[in-house]
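Contents: one structure, followed by commentary.
To find a chain, count down the sequence lines: A is the first, B the second, and so on, and within it residues start at 1.
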Protein chains: 2
Amino acid sequence: MFDQFRERFPMLNHKWDEYISYYNRIEVPAKTVLLKEGDVSHKAFFIEKGCLRAWFNNNEKDITFQFAFENEILSGAESFRKSIPSFFTIETIEPSVLHWIHKKDLDKIVEETSQIPEMKDNMLNAAFDRQYHYMKHFLSFIRDTPEQRYLNLIKESPHIVRRVPQQYIATYLGITPVSLSRIRNRLTK
Amino acid sequence: MFDQFRERFPMLNHKWDEYISYYNRIEVPAKTVLLKEGDVSHKAFFIEKGCLRAWFNNNEKDITFQFAFENEILSGAESFRKSIPSFFTIETIEPSVLHWIHKKDLDKIVEETSQIPEMKDNMLNAAFDRQYHYMKHFLSFIRDTPEQRYLNLIKESPHIVRRVPQQYIATYLGITPVSLSRIRNRLTK
DNA sequence: GTGATTTCTTAACAAAAGATAATTTGCTAT
DNA sequence: ATAGCAAATTATCTTTTGTTAAGAAATCAC
């Protein structure tokens, strides 16, 4: 875990063991709620094994807008960053092995490591990349039909199509599960 | 211009005059192309007066995905940051007064001011905020019907509805101009 | 102001999506 | 293995959008 960071920032090597000790390993079954809509997010989750989804309630139906898999980190985003209520829920899709860290510990690490300018550059680049990712994702909604979006997803993120139940994929694509089923039916012909 | 920066970072006061001298004031008519799809973006534009749109070609039709108004800055984004070809065009909607700066000059300013940690924090926060903005915008595409998106736009960004021609707003909402006209018609009843 | 051009609206039809409900398939726990 | 439950498919009907084309309204240039 965190090997890529050790390599990139060897000057912090003596500190990494301390930092890693802040993380708590947990094993949870599928459909476990890790953050509830309306609560303040205090934890960030690193996924060792399994997958998660972020969703929010809209007219009594849930809409999934993000998935996360192995080696990815998921938190309450704005809720985690600013300690405000989260507008979405985080839940496991598969039984998962996670490592969570408390915000106050992560803040301490960020505080200490920010002495190193490369660390901030690193965060800045990550922020830009995420921004670009959202932009591209958003553009596909303007540009493509639901059918094209589904075909894109198969091509660009086959792991999502493989591992995530269809109903979640449907709302992720901005359509109903019934409509996605029809699209799939059309495509086989 | 840049008064908010002067106030926030007074320690750079003696440098601001130099920095501002890098900016070039231009007045351009409506429908002026400032960056062409496929070209590398070397300039960032600060808008003193007027408004711009960013659009890309999709099946012989143009799709607008961003607007910018007074006191906002617009550049080729990834194209500007990484010196790669831009996938979109930047064009004036109204006759505009702009101040552009060359990337190499801006890089120099960023380089110098990054000695100040607050400056980087500032950029990091701005990046997070922009990311959040894209996310919210993207979520409205998953969550809302085109009609609701239009109503949202009237409520959240009335200046866009007021100043931007309808055909651009239509593609910004992910629908055809004909469909937006029908929605407007429906709403008056 | 007037003619020309662009933008917006309206109409007609085809294609696709939403809603609801019934049926089938697949998974889980015992 | 099978009963029970959740997920996916299919069917029917309504609503909305896309497409194309024609007409009305607004804007621009001279």
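- Through side-chain heavy atoms spaced under 4.5 Å, either directly or across other Ile, Leu, Val, Met, Phe, Trp or Tyr residues, A/V178 is tied to no other residue.
- At a non-hydrogen distance threshold of 4.0 Å, nothing from residues 52-59 of chain A comes into contact with DNA chain C.
- Taking a cutoff of 4.0 Å between a charged side-chain nitrogen and a carboxylate oxygen, B/E78 and A/K136 do not qualify as a salt bridge.
- For A/E37, there are no salt bridge (Lys or Arg N to Asp or Glu O under 4.0 Å) partners at least two apart in sequence or on another chain.
- Between A/Q148 atom CD and D/dT17 atom P the separation is 18 Å, expressed in whole Å.
- Not counting sequence neighbours, the partners of B/E147 by the salt bridge (Lys or Arg N to Asp or Glu O under 4.0 Å) test are B/R186.
- Taking the six-membered ring for Trp and the full ring otherwise, B/Y172 and B/F67 have centroids separated by under 6.0 Å.
- Note on the helix from C/dG1-D/dC30 to C/dT30-D/dA1: terminal axis deviation equals 60°, with five pairs used at each end and the result rounded to 10°.
- Rounded to a whole Å, the CZ atom of B/F141 is 13 Å from the P atom of D/dT17.
- Evaluation of the ring pair (Phe, Tyr, Trp, His ring centres under 6.0 Å) rule for B/Y132 yields no partner, not counting sequence neighbours.
- Taking the ring pair (Phe, Tyr, Trp, His ring centres under 6.0 Å) definition, one finds that B/Y168 meets it with nothing, sequence neighbours left out.
- For DNA chain C, the contact window with chain A, defined by any atom under 4.0 Å from a protein heavy atom, covers C/dA17 to C/dT20 in 5' to 3' order.
- Hydrophobic side-chain contacts under 4.5 Å tie B/V97 to no other Ile, Leu, Val, Met, Phe, Trp or Tyr residue.
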For nucleotides 23-25 of chain D, give me every protein contact, N/O to N/O, under 3.5 Å, one pair per line with atom names.
none

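- B/W55 and B/F87 fall into different hydrophobic clusters, where Ile, Leu, Val, Met, Phe, Trp and Tyr side chains are chained together by heavy-atom contacts under 4.5 Å.
- Of the residues near DNA chain C, B/Q166 and B/R182, the one whose nearest nucleotide (by heavy atom distance) lies more toward the 5' end is B/Q166.
- For the pair B/K108 and B/Y22, the cation-pi criterion (under 6.0 Å, within 45° of the ring axis) is not fulfilled.
- The shortest distance between the side-chain N/O atoms of B/K31 and the OP1/OP2 oxygens of D/dC28 is not below 4.0 Å.
- Phosphate contact (OP1/OP2 of D/dG18, side-chain N/O of B/K61, threshold under 4.0 Å): absent.
- Against DNA chain C, the stretch residues 168-181 of chain A makes heavy-atom approaches under 4.0 Å through A/G174, A/I175, A/T176, A/V178, A/S179.
- Under the 30°/60° scheme for interplanar angles, the aromatic rings of A/H102 and A/H42 are found to lie parallel.
- Looking at residues two or more places apart in sequence or on another chain, you find a ring pair (Phe, Tyr, Trp, His ring centres under 6.0 Å) between A/F138 and B/H137, B/F141.
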